[in-house]
Amino acid sequence: MSEQEIEIRVLPNLSEIGAETWDSCACPEAADGGPPNDPFTTYRFLKALEDSNSVGAGTGWQPQYLQAMINGQTIAVAPMYAKSHSQGEYIFDHNWAHAYERAGGRYYPKLQIAVPHTPATGRRFLTHPDFAHAGLSALIQGAVQVGTQNKISSLHITFCTEDERDLGEEIGLMPRTTQQFHWLNDGYGNFDDFLASLSSRKRKNIRKERAQAQRFGGEIHTFSGDNLRPEHWEAFWQFYQDTGARKWGTPYLTRRFFDIAQETLRDDMALVLAERDGRYVAGALNFVGRHALYGRYWGCIEHHPCLHFELCYYQAIDIAIARGLDRVEAGAQGEHKLARGYLPTQTHSLHWVGDPGFADAIDRYLQAERQAIEEEIEVLTDYGPFKKAQIEEQQ
């Protein structure tokens, strides 16, 4: 491709880009009618956040969507936000903010290229297939330019792919390594096949937990697509509010989000609900991509032993096996996931800091952190539930 001038636009709402244009970059694979690789970067998901006021004024997530164009053709887009806090990110920089402000700097607002409230890995620089490298470079340079021109302290690209991490580092951004726990499908035909790959003690423990959970006195249902009904969201909203109040103080998503989800996102969702005595008492919400299941939210109004493990982890494995998915990403944190077949997995982010001295200090910190994370993953993997030969194959 000959050199052509690339125009970078910063837009306050998705409708100025449009669904067809956005998704031609975000999920071109879904043009065949199948699911997207990443359900969270689709136009319909990000628009649901926007239309439900889960992002926007008063939320600390002010949309600043990036659009890269050549001769009027969109070659790349990115979900960028101006942030007035560091909540809802799951790769946290609170210590950086405190240090910078103690030194007299102004850390907020900052720029964030991410899916709000969603610690799921995926492309963050959404490039048209015909302009992959040019689009990615344009978005990175454009985002840094926006930060520089507006005297923004920093730019953060969180839960990006490993390829994006490598290319971003080549361009000059600072890479960061963190970890999550993911379940990997080794071609299992059913849950018992998965159990057969575990050590005897761990296998017995999981069977015991599943049996205990099933004694909660009711039935477990999975709803997806047209099987999802508004009454399911009424029940789940109660669970979500309880969890949000305990974890974050205020739920990140508004009630309106779930109404919109019923209309536009139900094919991307698998909602697991536990029903007892004619009412739903607990639930776990998953999103479904082309290759992965993403566990997102859990909540309950009754507490029953091991029901959390059953709905969030074991039912997710059942769904992934039934659908032939490669993995389950079970969200942020939680070393308790290790004993249930979820192995520590590296996650990646990229960072740009405008102040050279502060950038140097963060770079040194990130180098030490990367080594510590790598060592921690190695140790945790050794403590995993799999038979030793199985662990070596997955590594």
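All residue numbers in this chain count up from 1 along the given sequence. Side chains included, hydrogens not; waters and symmetry mates left out as well; all remaining heavy atoms used. Model, not experiment: these values are computed from the prediction.
- With respect to Arg266 and Asp226, a salt bridge is recorded, a charged nitrogen being found less than 4.0 Å from a carboxylate O.
- Glu29 places a side-chain N or O within donor-acceptor distance of the main-chain N or O of Asn37, the cut-off being under 3.5 Å.
- Side-chain N/O atoms of Tyr280 and Gln238 include no donor and acceptor closer than 3.5 Å.
- In this structure, His232 and Asn227 approach most closely via the heavy-atom pair CE1-O, 3.3 Å.
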Working for ring pair (Phe, Tyr, Trp, His ring centres under 6.0 Å), residues Phe258 and Trp233
CA-CA 6 Å; Phe258 297 100; Trp233 298 118; 5.6 Å; yes
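- Under a 4.5 Å side-chain heavy-atom cut-off, the cluster of Ile, Leu, Val, Met, Phe, Trp and Tyr residues that includes Tyr107 is completed by Trp96, Tyr100, Tyr108, Met174, Val353, Phe358, Ile362, Tyr365, Leu366.
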Could you check Tyr188 against Trp183 for ring pair (Phe, Tyr, Trp, His ring centres under 6.0 Å), going step by step and ending with a plain yes or no?
CA-CA 12 Å; Tyr188 304 120; Trp183 178 84; 5.8 Å; yes
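- Ring to ring, Tyr313 and His308 are close: their centroids are under 6.0 angstrom apart.
- For Phe309, the ring-ring contact (aromatic ring centres under 6.0 Å, His included) criterion is met by no residue, not counting sequence neighbours.
- Under the 4.5 Å side-chain heavy-atom criterion for grouping Ile, Leu, Val, Met, Phe, Trp and Tyr, Ile321 is connected to Leu311 within one hydrophobic cluster.
- Cluster annotation: Ile8 is connected to Leu136 through the hydrophobic network of ILVMFWY side chains, with a link wherever side-chain heavy atoms come within less than 4.5 Å.
- No side-chain donor from either of Thr345 and Gln179 sits under 3.5 Å from a side-chain acceptor of the other.
- Using a 4.5 Å cut-off between side-chain heavy atoms of Ile, Leu, Val, Met, Phe, Trp and Tyr, with links allowed through other members, Phe223 and Phe257 fall into the same hydrophobic cluster.
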